[in-house]
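In each ligand, atom 1 is the first atom listed, and ligand 1 is the first ligand listed.
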Amino acid sequence: MEHTSSTPAPDALVGLVIAVDGTSGSGKSSTSRGVATRLGLRYLDTGAMFRAMTWWLLREGVDVHDAGAVAARCGEPDIVSGTDPENPTITVDGTDVAVEIRGDAVNGAVSPVSAVPEVRARLLDLQRAVIARETRAGGIVVEGRDIGSVVAPDAPVKVYLSADPEARAVRRAAEQGATGATDVAATQESLLARDRIDSGRATAPLVRADGAVHIDTTPYSLEEVIGLVVGLVEDADARVRAAR
Ligand code: DC
């Protein structure tokens, strides 16, 4: 399968939004970036925005378990996401935080921060502004937890990715350069803890959105999952053409 060169997104779907939701470690980021690259679309990692907010709050010494304190400060940082799928960037007040937001401190604090409604409202505004800009220019693959349900409920293509907890932990630990059994077990525990909070929160929990196609990625290679999602885009394109 050819994924390195990009082919234009189908014509009928100019202004296309592809919503990719799912659990931590289900392959969302690699899949979303691969689909965007293949179709010549932009890419937005909304998880990175929640991570950047969390990084800033921790640096400011805000107690991330105090929802009132988080709400009071979350309007302050200037968070900017670059949308090149081959080089997604993230800055806070002009500082590149791409590495810092993947560290243990942020991993351990991002779920409670993401549960604060004021944080979600602030980032929703930023996400919709990026989507509006990029859909005028062509189209965008957006990944997160609430994209198909809240951020872009009208997206013509919605995908919900999941994978067995063990497969997710092995992939995530390998991404972080850790492969020992203890590392994998610790990674699995941390992924499951985040899932519990992400799925249980009151505002915009992780859910399979109406109309989302569920793909369990466990038995598939990355290339196969990318191919499945591109197939869904082509199906949506054919539907739009047929309805004309
Ligand atoms: O996709 P990720 O693991 O980088 O996301 C980090 C955290 O951000 C995740 O635990 C939940 C939160 N998140 C969210 O609440 N809503 C989104 N749209 C994306 C991420």
Side-chain angles (χ1 to χ4, degrees), residues 17-33 36 43-58 64-65 67 70-71 74 77 79 81-83 85 88-90 92 97-131 140-153 155 158-163 165 168-169 171-176 187-209 212 217:
V17 178
I18 302 176
V20 181
D21 291 303
T23 51
S24 306
S26 59
K28 281 194 312 291
S29 296
S30 312
T31 301
S32 300
R33 291 175 64 179
Y43 161 73
L44 179 62
D45 176 0
T46 62
M49 301 171 93
F50 286 92
R51 288 172 177 274
M53 175 68 78
T54 304
W55 173 83
W56 181 85
L57 290 163
L58 290 171
V64 295
H65 296 285
V70 169
C74 70
I79 297 172
S81 305
T83 58
T89 54
I90 181 96
V92 180
V97 293
V99 173
E100 290 79 354
I101 64 168
R102 306 288 162 193
D104 287 343
V106 170
N107 280 340
V110 66
S111 281
V113 168
S114 311
V116 175
E118 289 82 356
V119 168
R120 305 204 68 83
R122 166 103 206 280
L123 296 184
L124 180 61
D125 285 347
L126 296 180
Q127 290 155 10
R128 289 203 171 139
V130 173
I131 292 169
I140 186 163
V141 181
V142 187
E143 70 149 291
R145 301 291 189 293
D146 61 341
I147 310 306
S149 56
V150 174
V151 179
K158 297 184 191 178
V159 182
Y160 181 85
L161 300 183
S162 66
R168 292 160 52 199
R171 286 179 199 160
R172 185 52 66 93
E175 272 167 28
Q176 294 168 341
T187 305
Q188 181 168 334
E189 191 38 54
S190 144
L191 288 175
L192 291 176
R194 277 203 284 140
D195 284 357
R196 278 192 293 274
I197 303 179
D198 295 343
S199 304
R201 68 178 174 232
T203 309
L206 170 65
V207 288
R208 180 177 159 192
T217 64

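- Of the protein's non-hydrogen atoms, the one nearest atom 10 (O) of ligand 1 is D198 OD2, 2.9 Å.
- Atom 12 (C) of ligand 1 has its closest protein heavy atom at S114 OG, 3.3 Å.
- Other residues, nucleotides and ligands contribute over 12 non-hydrogen atoms within 6.0 Å of the CG atom of D125.
- For the pair T54 and I101, the minimum side-chain heavy-atom distance is 4.5 Å or more.
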Step-by-step side chain to side chain donor-acceptor pair (under 3.5 Å) determination, R145 to S24:
CA-CA 9 Å; R145 301 291 189 293; S24 306; 3.0 Å; yes
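- Closest heavy-atom approach to atom 20 (C) of ligand 1 among the candidates G47, S26, A19: G47.
- Contact annotation for R51 and ligand 1: only side-chain heavy atoms (C-beta onward) come within less than 4.0 Å of the ligand.
- For atom 16 (N) of ligand 1, the nearest non-hydrogen atom of the protein is R120 NH2, 3.0 Å.
- Looking at ligand 1, you'll find an N or O of R194 within less than 3.5 Å of one of its N or O atoms.
- Inclusion of E143 in the set of residues having an N or O under 3.5 Å from an N or O of ligand 1 is not warranted.
- The protein heavy-atom contact nearest to atom 1 (O) of ligand 1 is R145 NH1, 2.9 Å.
- Side-chain contact between V141 and P85: absent, with no pair of heavy atoms (C-beta onward) separated by less than 4.5 Å.
- If you check which protein heavy atom lies closest to atom 18 (N) of ligand 1, you get D146 OD1, 2.8 Å.
- For the ligand labelled ligand 1, residue M53 lies outside the 4.0 Å heavy-atom shell.
- Residues L161 and V20 meet the side-chain proximity criterion, which asks for heavy atoms closer than 4.5 Å.
- Remark: ligand 1 atoms within the under-4.0 Å shell around heavy atoms of R201 are 14 (C), 15 (O), 16 (N).
- Interface atoms of ligand 1 facing S111, defined by a heavy-atom separation under 4.0 Å, are 10 (O).
- The single protein non-hydrogen atom nearest to atom 19 (C) of ligand 1 is T46 OG1, 3.4 Å, given as residue, atom name and distance.
- Of all atoms in ligand 1, listed by their number and element, those nearer than 4.0 Å to a heavy atom of R102 are 4 (O).
- Using a 4.5 Å cut-off on side-chain heavy atoms (C-beta onward), I79 and I90 make contact.
- With contacts defined as side-chain heavy-atom distances shorter than 4.5 Å, the pair R171/T217 qualifies.
- In this structure the side chain of L44 reaches within 4.5 angstrom of the side chain of M49, judged on heavy atoms.
- Nearest protein neighbour of atom 7 (C) of ligand 1, counting heavy atoms only, is V110 CG2, 3.6 Å.
- Put simply, no part of Q127 is less than 4.0 Å from ligand 1, judged by heavy atoms.
- Between R201 and D198 there is a salt bridge, since a side-chain N of the basic residue sits under 4.0 Å from a carboxylate O of the acidic one.
- The closest approach between M49 and ligand 1 stays at or above 4.0 Å for every heavy atom of the residue.
- Of the charged side-chain nitrogens involved, at least one lies within less than 4.0 Å of a carboxylate oxygen, so that D195 and R168 count as a salt-bridged pair.
- A 4.5 Å side-chain heavy-atom check between V150 and R120 finds every atom pair outside the cut-off.
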